[in-house]
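What you see is a predicted model, and the numbers here were worked out from it, not measured in a lab. Counting begins at 1 with the first residue of the sequence.
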Amino acid sequence: MKAFITGIAGQDGSYLSEYLLEMGYEVHGMIRRQSTPENQESRIAHLESKIKTYYGDVKDRSSIDRILKEVQPDIIYNLAAQSHVRISFDIPQETFQTNAVGVLNMLEAYRGICPNARFYQASSSEMFGNSVDADGYQRITTPMHPVSPYGIAKLAAYNFVSHYRNAYKLHAVNGILFNHESERRASNFVTNKICKAAVMISNGLQKELALGNLDSFRDWGHSYDYVRAIHKIVTNDKAEDFVVATGMTFSVRQLCYIVFDKLGLDYSKHIKQDEKFIRPEELKYLRGDSKPIREKFGWHPQYTFESMIEEMIEYWKDRI
Ligand code: G4F
């Protein structure tokens with residue numbers, strides 16, 4: 001079986017590649033050209049001899065066509081995205097081009113070149129915006145009212161995937177993934193930013209950490225667990241969408257408390273708020289109901305919130 005992953009050099013792309021290789025898949029992936037390739041390819045450098053990568057961009061239809069014609073994949077995992085929500089307010093058009101039009105480019109190429117393949121779209125809990133069901137969870141039926149250019153673009157892509165499934169009878173599915181982290185997460189996302197800074201502070205290398213909103217809540221899982229869910233969703237015989245979440249929620253403030261406490265520090269002595277990191281509109285609360293994927297496939301996360309945070313702290317302790 002041949003898998004083709006856009007966004008292969010990202011956090012999820014790297015864990016998914018490892019997982020698919022373990023299962024005997026041939027893994028192909030698309031990489032966007034950057035001026036410093038070492039930075040971009042650091043997460044997949046250890047897989048260099050086992051995977052095949054191609055330069056391309058979801059915004060460049062000709063590159064997608066060329067690669068799909070050559071690879072003829074059995075499964076397409078569309079993970080490529082401008083993935084930073086706050087930055088999407090700075091670059092809304094680039095975000096929409098990549099996260100919405102880019103997905104449409106992928107779908108059109110898929111429909112024309114390899115319609116018998118399966119297609120997975122990395123959809124996001126950011127699409128819910130501030131909608132929460134009465135029981136405090138978001139699920140597939142929760143209305144979607146996104147509050148960021150990122151979420152709006154992801155919602156357009158989500159709808160395109162459902163549309164292509166219905167209109168053209170393609171096996172195209174969405175996984176609505178809640179936040180998922182790891183030591184491979186870029187350090188401008190809040191979990192890894194806090195873990196890195198707390199370790200720096202405990203080593204006397206930094207005094208303060210500037211953050212934005214401390215009172216938003218997120219449902220944080222581990223990328224390693226979530227790529228397993230992704231694979232189950234796309235290899236399901238029925239083309240249907242699923243939510244992937246832990247069902248637990250913590251505030252950014254609680255996250256700070258836990259991380260600093262694990263290093264024997266009082267977070268309140270080191271955190272300062274900086275306007276720079278406050279979003280023009282904030283998604284306040286996420287907690288996902290992943291009962292359908294748990295019941296249907298027996299999927300459950302192996303990491304707890306604590307074990308994930310401990311792993312990330314250990315990573316920075318080793319590096320700093
Ligand atoms: O870590 P974050 O930047 O993740 P966010 O915005 O929830 O988005 C992530 O999860 C989505 C799924 O819901 C993905 F689709 C998306 O690609 C990405 O993976 O921010 C988490 C929370 C926010 O409420 C933010 O306002 O942390 C708050 N925060 C407070 N200070 C900060 C900071 N976030 C960042 N990145 N940096 C700060 O200094």
Side chain of [X], backbone of [Y]: donor and acceptor closer than 3.5 Å?
X      : Y      : result
Ser216 : Lys284 : no
Gln254 : Ser251 : yes
Asn99  : Ala81  : no
Arg118 : Asn236 : yes
Thr95  : Pro149 : no
Asp289 : Gln138 : no
Trp299 : Asp225 : yes
Asn78  : Gln121 : no
Ser290 : Val244 : no

Check your understanding: Is it true that the NZ or CZ of Arg86 lies under 6.0 Å from the centre of Phe89's six-membered ring and within 45 degrees of the ring axis?
Key -> no
Practice item. Please confirm whether Lys193 makes a cation-pi placement over Phe277, using NZ or CZ under 6.0 Å from the six-membered ring centre and within 45° of the ring normal. Key: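 Positive - Lys193 is close enough to the ring of Phe277 and near enough to its axis.
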State whether the number of non-hydrogen atoms from other residues, nucleotides or ligands found under 6.0 Å of [X] atom [atom1] is greater than 12.
X      : atom1 : value
Tyr19  : OH    : yes
Arg139 : CZ    : yes
Gln93  : CD    : no

What I want to check is whether the side chains of [X] and [Y] have a donor and an acceptor closer together than 3.5 Å.
X      : Y      : answer
Glu26  : His28  : yes
Arg279 : Ser148 : no
Asp12  : Ser223 : yes
Gln82  : Thr98  : no
Asp219 : Thr249 : no
Ser14  : Ser17  : no
Tyr224 : Arg228 : yes

Does some side-chain heavy atom of [Y] sit less than 4.5 Å from a side-chain heavy atom of [X]?
X      : Y      : answer
Tyr158 : Met144 : yes
Leu16  : Leu20  : yes
Ile271 : Cys256 : yes
Ile293 : Val243 : no
Val199 : Met312 : no
Thr191 : Leu255 : yes

Out of curiosity, [X] [atom1] to [Y] [atom2], how far, rounded to the nearest 0.5 Å?
X      : Y      : atom1 : atom2 : result
Arg61  : Asp65  : CZ    : CG    : 4.0 Å
Ser182 : Asn192 : OG    : CG    : 7.0 Å
Lys317 : Met200 : NZ    : CE    : 15.5 Å
Phe242 : Ile140 : CZ    : CD1   : 8.0 Å
Asp133 : Thr141 : CG    : OG1   : 5.5 Å
Glu240 : Ser162 : CD    : OG    : 12.0 Å

For [X] against [Y], the heavy-atom pair lying closest together:
X      : Y      : answer
Val27  : Ile8   : CG1-CD1, 3.9 Å
Gln11  : Glu181 : OE1-C, 3.2 Å
Ile313 : Cys195 : CG1-SG, 4.1 Å
Ser125 : Phe178 : OG-CA, 3.2 Å

Exercise for review: Test Glu126 against Lys154 for salt bridge (charged side-chain N to carboxylate O under 4.0 Å, His left out), laying out the working first.
Suggested key: CA-CA 8 Å; Glu126 186 72 20; Lys154 281 282 179 181; over 6 Å; no
Could you work out, with ring-ring contact (aromatic ring centres under 6.0 Å, His included) as the rule, every residue matching [X], not counting sequence neighbours?
X      : answer
Phe250 : Phe305
His222 : Tyr15, Tyr303
Tyr25  : His231

For residues 205-214, please give each side-chain donor-acceptor pair under 3.5 Å, one per line with the distance, not counting sequence neighbours.
residue	atom	partner	partner atom	Å
Gln206	NE2	Glu208	O	3.0
Asn213	OD1	Asp215	N	2.9
Asn213	ND2	Glu282	OE2	3.2

Same cluster (ILVMFWY, side-chain, under 4.5 Å), [X] and [Y]:
X      : Y      : result
Phe217 : Val190 : no
Leu286 : Tyr150 : no
Val227 : Ile31  : yes
Trp220 : Met127 : no

Study note, to complete from the structure: The remaining residues in the hydrophobic cluster of Leu104, counting side-chain heavy-atom contacts under 4.5 Å among Ile, Leu, Val, Met, Phe, Trp and Tyr, are Phe4, Met30, Tyr54, Val58, Ile64, Ile67, Leu68, Val71, Ile76, Val103, Met106, Leu107, Tyr110, Ile113, Phe119, Phe160, Val161, Tyr164, Tyr168, Leu170
Point to revise | Arg184/Glu311 salt bridge by N-O under 4.0 Å criterion | key: no
Exercise for review: Mind running salt bridge (charged side-chain N to carboxylate O under 4.0 Å, His left out) on Asp60 and Arg33 for me, showing each step along the way?
Suggested key: CA-CA 12 Å; Asp60 177 351; Arg33 188 262 165 192; over 6 Å; no
Exercise for review: Would you mind listing every ring-ring contact (aromatic ring centres under 6.0 Å, His included) that reaches into residues 179-201, with sequence neighbours excluded?
Suggested key: His84-Phe189, His180-Tyr226
